Amino acid sequence: MNNSAFWGGWVMFAALMMGLMGAYNALQGLAAVFADDYYVVNEDDLLILDFTVWGVVMVAWGIALLAGALALFRGRPWARWFALAVVGLNAVAQAGFLAAFPLWSMIVIGVSILVIFSLSVHWDDVQADLDSPA
């Protein structure tokens, strides 16, 4: 296996994880929109004031993650930068749910870090693999 194919596999892993995170973010957001009482936390623990608004943001963010994942799967040149931006912001956005679901939020932040790693290292090798004819 050549080096570019190895790192290309990491990019496909990143795209798959982004797609899963997008789907879970959308579900998490829908739960916040339709069942405000689903997220039970102490009033002092909230980082945000309204879970309904936060839920709408998370649904939109989930769609953005899914779009980035699809673009990565298709090998779009701009997809890497878009993916790095939305995944980085996704890790920060999960801080809004830390009080409600700390373990889940930490897992998503950890997966986000893996995706950022996958899209950051050896990108020249991956780009060479994407540019070469199949």
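FYI, the numbering just counts along the sequence from 1. The shown structure was predicted, so the numbers you read here are calculated from the model rather than taken from an experiment. What you see below is based on every heavy atom in this structure, not just the backbone, and it leaves out hydrogens, waters and symmetry mates.
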- Item | Same apolar cluster: Leu89 and Leu66, side chain cutoff 4.5 Å | no
- Should the heavy atoms of other residues, nucleotides or ligands under 6.0 Å from OH of Tyr24 be counted, would the total exceed 12? no
- Query: What are the two closest heavy atoms between Asn25 and Gly62, and how far apart are they?
  - Reply: CB-CA, 3.9 Å
- Item | Cluster link Val56 to Val92, ILVMFWY, side chain under 4.5 Å | no
- Task: Report the distance from atom CD1 of Ile107 to atom CD of Gln94, rounding to the nearest 0.5 Å.
- Result: 10.5 Å
- Any chain of hydrophobic side-chain contacts (each under 4.5 Å) joining Leu27 to Val57? no
- Task: Report the residues that fulfil side chain to side chain contact (heavy atoms under 4.5 Å, CB included) with Ala14, sequence neighbours left out, ordered by chain and then residue number.
- Result: Val115, Ser118, Leu119
- Could you tell me whether the side chain of Leu114 reaches within less than 4.5 Å of the side chain of Met17, counting heavy atoms only? no
- Query: Which heavy-atom pair separates Val59 from Ala26 by the least distance, and what is that distance?
  - Reply: CG2-O, 3.5 Å
- Message: If you compare all heavy atoms of Gly29 against all heavy atoms of Met58, which two are closest, and at what distance to 0.1 Å?
- Response: CA-CB, 3.8 Å
- Task: Measure across Arg80 and Ser120 and return the closest heavy-atom pair with its distance rounded to 0.1 Å.
- Result: NH2-O, 3.7 Å
- Beyond-backbone contact of Phe82 with Arg76, side-chain heavy atoms, under 4.5 angstrom: no
- Message: If hydrophobic clusters are built by linking Ile, Leu, Val, Met, Phe, Trp and Tyr wherever their side-chain heavy atoms come under 4.5 Å apart, do Leu16 and Val108 end up in the same one?
- Response: yes
- Hydrophobic cluster membership, Met18 vs Leu70, 4.5 Å side-chain cutoff: no
- Query: Should side-chain heavy atoms under 4.5 Å link Ile, Leu, Val, Met, Phe, Trp and Tyr, which residues sit in the same cluster as Ile109?
  - Reply: Ile113
- Message: For the CG atom of Asn90 and the CG atom of Leu65, what is their distance to the nearest 0.5 Å?
- Response: 5.0 Å
- Task: Check ring pair (Phe, Tyr, Trp, His ring centres under 6.0 Å) between Phe13 and all other residues, then give those that pass, not counting sequence neighbours.
- Result: Trp10
- Query: Looking at CG of Leu84 and CD1 of Ile116, how far apart are the two atoms once the value is rounded to the nearest 0.5 Å?
  - Reply: 6.5 Å
- Message: If I take atom CE from residue Met12 and atom CG from residue Leu72, how far apart are they, to the nearest 0.5 angstrom?
- Response: 6.5 Å
- Item | Under 3.5 Å: donor-acceptor pair, side chain of Trp78, backbone of Ala71 | no
